[in-house]
S.K.: 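Let me give you the structure first, and then I'll get to my questions.
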Amino acid sequence: MMSLIDGNTLALLGAAIAALAGIGSAMGVGIAGQAAAGVIAEDPKKFGKTIILQALPGTQGIYGLIIAFLIMVKIGLIGGNMIELTIPQGAYFLAAGIPIGLVGIWSGIAQGKAAAAALQLVAKRPDQMVKGIIYTAMVETYAIFALLVSVLIWLRIQL
Amino acid sequence: MSIINMQRIAVIGLESEKEKLINQLMDFGAVELTDQSAKLSDENWAATVVPDEDQETVSLLEGRINRAEQALEVIEKYGNLKNPLFKTRRKIKEDRMEEIISGEEEFAGRTDFILGLNDQISQATEKLNKLETDTVSLNPWAEYDLPLELESTRQTAVYMGVLPAAADMTALANQLEEEIGTVAFRVVSSDKDMHYTAAMMPKDCQEEVLATLKQNGFSQVSFKGFEGTVSANLKRIEGEKEELNSTIADIAAEIGANSNLKESIEEYADMLTIRLDKEKIRSKLLKTRKTFFIEGWVPARCVEDVKVILDENGCYYQFRDPQEDEDVPVLMENSSMVVPFEAITEMYSLPAYTGFDPTSIFSIFYAVFFGIMLSDAGYGILMAVACFVILKKFDLEGTMYKMIKLFFYCGISTTIWGALFGGWFGDIVTVFSGLFLGKEITIQPIWFNPLDDPMKLLIISLALGIVHLFTGMGIKAYMQIKEGKWLDAICDEGFWYLTIIGLIAWLGGGMVSPGLTGIGKWMSIIGIAGLLLTGGRHNKGIGKITGGLGNVYNITSYMSDILSYARLLALGLATGVIAQVVNTMGSLFGDTVVGAIVLVLVFIVGHTLNIAINVLGAFIHASRLQYVEFFGKFYEDGGEPFNPFRKKTKYIKIEEDK
């Protein structure tokens with residue numbers, strides 16, 4: 001059992017956890033998509049406006065991908081041979097993956113709900129769309145901070 | 001730079017000059033007339049004046065405009081005209097307008113012509129729908145070979161009808177055979193809902209047969225109005241459908257051939273809109289038998305020109321400054337460089353008339369923040385060039401013009417920051433040269449690469465944030481000082497400046513010079529003491545203490561405001577890293593021909609996506625930093641936009657020929 005856990009598995013776990021932010025984005029984009037379809041049923045011309053709002057909760061997944069990718073590059077999984085990592089080094093990578101992975105899930109869902117509400121706003125007052133976007137983007141702030149923490153941890157890992 | 005001063009105007013004129021005055025004011029286009037209906041609830045006013053409006057003419061004109069708009073929609077639908085990327089107003093000469101007015105009948109005729117064709121299409125479509133339903137109801141009976149009008153002969157009766165799919169047809173046939181015998185029962189067809197059946201029998205046993213059928217859920221179907229067999233009918237309907245379809249296609253083609261009428265109908269619609277607005281403005285007029293009365297707002301600088309117009313029409317008038325409780329409309333004025341950023345202010349909400357227009361101040365911050373967040377020179381050049389081309393090619397107006405110009409400036413800023421940080425489509429040059437040229441060429445950043453030293457960019461981001469916030473607080477202090485509230489400016493903003501600068505020097509000053517730590521310590525102590533003592537100065541009793549404590553507690557909100565600027569770093573890194581991910585993925589197939597094709601494809605798709613996501617992100621978050629962090633410090637919003645009486649045309653722009 002213990003032989004399973006070496007530095008490299010921990011680092012890969014970090015990358016995997018970071019990618020979990022996609023859960024939040026998938027759910028958020030899904031929630032927003034349902035609301036968007038409702039708006040389109042009333043007025044198909046609003047497609048361009050609704051697609052922007054639907055895309056907003058998608059960024060968490062991208063942030064997760066960034067961190068997962070950064071970890072994989074640094075440990076040599078992409079474009080080279082895997083470096084032998086010590087257990088603490090692997091644990092650092094794991095720590096780097098957690099902030100964006102976890103925050104991404106919930107902020108994605110919450111942002112999806114805000115986007116759905118903004119879509120209702122677009123249905124009634126299309127001229128006020130930008131305000132809906134700003135409300136939705138407020139949620140994003142915390143995903144951005146999580147991304148920042150993840151990046152800063154990743155940057156400081158010495159190999 | 002500022003909000004334009006307005007003057008209140010009140011005019012009394014002669015009814016006989018009214019029309020000319022309205023025309024001239026509309027041409028001048030800088031007077032906003034205000035609604036007068038409130039005055040009518042005053043007895044004295046109500047006894048002498050009545051509102052001047054003509055509902056009939058208004059609704060007549062509205063009807064005509066509606067028809068013209070419908071005709072335009074029809075042309076849009078069948079005309080196959082290429083829609084331009086941006087809708088712009090066409091410029092026309094003033095004398096063309098007179099031609100339109102004198103040729104009104106003809107223009108109305110063109111509208112009717114298009115709508116007439118459209119009516120023909122909808123009639124044909126209606127017939128087509130009817131035939132469609134006929135086909136659907138006949139189709140299951142296609143195998144039925146008796147004429148449909150045949151319901152009985154001298155001795156026999158014929159029934160057609162449906163039974164639910166659940167009914168057992170073999171059992172039913174057997175039952176009929178056993179109980180009655182002399183009946184021909186046939187299942188013509190079946191689908192998942194129904195059995196379509198026909199039964200023929202001698203008239204003397206038709207009651208019995210019907211009773212048995214009905215027990216099994218039979219309901220009769222009749223085809224009144226049809227003659228001949230089903231297949232003959234289906235054939236006829238098919239022919240008619242074809243004919244109708246070709247008629248529709250012909251009419252659609254005719255509309256398409258006449259889509260050159262679009263321009264003249266647009267001109268006609270706009271001419272009517274101008275006339276409608278002139279009629280509508282009359283509802284803001286009060287009149288007696290021989291005179292009329294209007295009130296409104298004029299920008300102070302236009303007062304002299306308006307006076308000339310009023311004198312010319314023999315009006316009696318008065319100008320005065322706005323009073324304190326009046327809702328004065330707001331018109332912002334900025335230098336042409338700053339005008340695009342007004343779009344951001346307008347999106348939030350206009351400043352109150354007594355407030356402050358910060359557009360020119362935040363414009364530079366906006367461009368800088370946007371640039372740091374996108375920070376890729378390749379993307380910046382693409383953006384700036386695209387916006388430049390759009391601005392050259394299209395004669396844009398209003399918000400659209402402002403937005404495109406805004407993105408043009410932001411593109412330039414992005415290019416600068418991208419070059420400073422060394423981002424050119426991520427690291428495409430390094431990837432490409434390493435793969436195909438055999439040695440890695442890297443475009444060195446002019447300043448530094450944020451990925452190598454993120455702490456540096458974080459500190460720069462937060463420092464920019466502090467400058468931004470301090471500017472906002474400075475505006476607040478400026479407004480307070482202007483109102484003579486020196487004490488408030490010192491207590492609310494001065495102590496905070498002292499506290500925040502002091503804390504920074506105390507905590508971080510040691511790195512620059514050891515002396516700063518001590519100075520910072522005392523500055524922050526004095527600042528906090530000041531906040532503690534003065535925070536509750538408007539409260540009474542115990543409130544004086546709690547107010548002070550609450551004031552100091554606000555330090556947390558300042559901290560979170562400042563940390564909010566960390567997004568500059570995070571989004572900047574995100575753009576760069578995604579771009580690198582794209583490039584790395586593109587290079588996975590190596591230095592073969594296939595590899596090169598993959599690299600180009602991944603490059604185009606990946607970077608397009610990255611631009612789309614991050615331009616949206618940079619736009620939103622640069623706006624948010626203005627709205628939440630910056631505006632939150634001082635902004636008084638709620639101004640109504642200045643809406644002068646002018647020609648509000650949709651399709652054409654009338655050029656005055658002088």
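Proteins come first, then strands; the chains are lettered A, B, ... in the order of their sequence lines, and each starts at number 1. The figures here come from the full heavy-atom set of this structure, side chains too, leaving out hydrogens, waters and symmetry mates. Note that the coordinates shown come from a computational prediction; the quantities given were computed from them, not determined experimentally.
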S.K.: Between Ile52(A), Thr141(A), Ile133(A), which has the largest tally of heavy atom pairs under 4.5 Å with chain B?
M.R.: Thr141(A)

S.K.: Looking at side-chain heavy atoms only, is the closest gap between Met455(B) and Leu155(A) below 4.5 Å?
M.R.: no

S.K.: Using non-hydrogen atoms only, which part of Leu147(A) is less than 4.5 Å away from chain B: side chain, backbone, both, or neither?
M.R.: side chain

S.K.: Against chain A, label Tyr348(B) side chain, backbone, both or neither, depending on which of its atoms sit under 4.5 Å from a heavy atom there.
M.R.: backbone

S.K.: Tell me, yes or no, whether the heavy-atom count around Lys648(B) atom NZ, taken from other residues, nucleotides or ligands under 6.0 Å, exceeds 12.
M.R.: yes

S.K.: Looking at Lys113(A), I want to see if its NZ is surrounded by more than 12 non-hydrogen atoms of other residues, nucleotides or ligands under 6.0 Å.
M.R.: no

S.K.: Could you tell me whether the side chain of Ile613(B) reaches within less than 4.5 Å of the side chain of Thr59(A), counting heavy atoms only?
M.R.: yes

S.K.: Within a reach of under 6.0 Å around CE of Met138(A), are more than 12 heavy atoms found that belong to other residues, nucleotides or ligands?
M.R.: yes

S.K.: For residues Ala574(B) and Tyr63(A), report the shortest heavy-atom separation together with the two atoms involved.
M.R.: CB-CE2, 4.3 Å

S.K.: Any side-chain heavy-atom pair from Arg567(B) and Glu140(A) closer than 4.5 angstrom?
M.R.: no

S.K.: Which atoms of Ala137(A) are under 4.5 Å from chain B, going by heavy atoms: the side chain, the backbone, both sets, or neither?
M.R.: both

S.K.: Please classify the contact of Leu563(B) with chain A as side chain, backbone, both or neither, using a heavy-atom distance under 4.5 Å.
M.R.: backbone

S.K.: Please check if the number of heavy atoms outside Tyr92(A) that lie under 6.0 Å from its OH is greater than 12.
M.R.: no

S.K.: What part of Ile620(B) is in contact with chain A, defined as an atom under 4.5 angstrom from a non-hydrogen atom: side chain, backbone, both or neither?
M.R.: both

S.K.: Tell me, do Ile134(A) and Ser623(B) make a side-chain contact under 4.5 Å, heavy atoms counted?
M.R.: yes

S.K.: Count the heavy atoms belonging to other residues, nucleotides or ligands that lie under 6.0 Å from CD of Glu84(A), then report whether that count exceeds 12.
M.R.: no

S.K.: When heavy-atom pairs shorter than 4.5 Å are enumerated against chain A, which of Ala612(B), Gly617(B), Pro454(B) gives the highest number?
M.R.: Pro454(B)

S.K.: To the closest 0.5 Å, what do you measure between CH2 (Trp154(A)) and CG (Leu451(B))?
M.R.: 6.0 Å

S.K.: Does Lys456(B) have more than 12 heavy atoms from other residues, nucleotides or ligands lying within 6.0 Å of its NZ?
M.R.: yes

S.K.: Measure across Phe145(A) and Ser564(B) and return the closest heavy-atom pair with its distance rounded to 0.1 Å.
M.R.: CZ-CA, 3.8 Å

S.K.: Could you tell me which portion of Val577(B) (side chain, backbone, both or neither) has an atom closer than 4.5 angstrom to a non-hydrogen atom of chain A?
M.R.: side chain

S.K.: What do you reckon, is CZ of Phe589(B) surrounded by more than 12 foreign heavy atoms closer than 6.0 Å?
M.R.: no

S.K.: Is it true that, when you exclude Tyr401(B) itself, more than 12 heavy atoms of the residues, nucleotides or ligands shown sit nearer than 6.0 Å to its OH?
M.R.: no

S.K.: Got a second to check how far Arg624(B)'s CZ is from Tyr135(A)'s OH, nearest 0.5 Å?
M.R.: 13.0 Å

S.K.: Heavy-atom pairs under 4.5 Å with chain A are the metric here; pick the option from Leu458(B), Leu571(B), Asp452(B), Leu573(B) that has the most.
M.R.: Leu571(B)

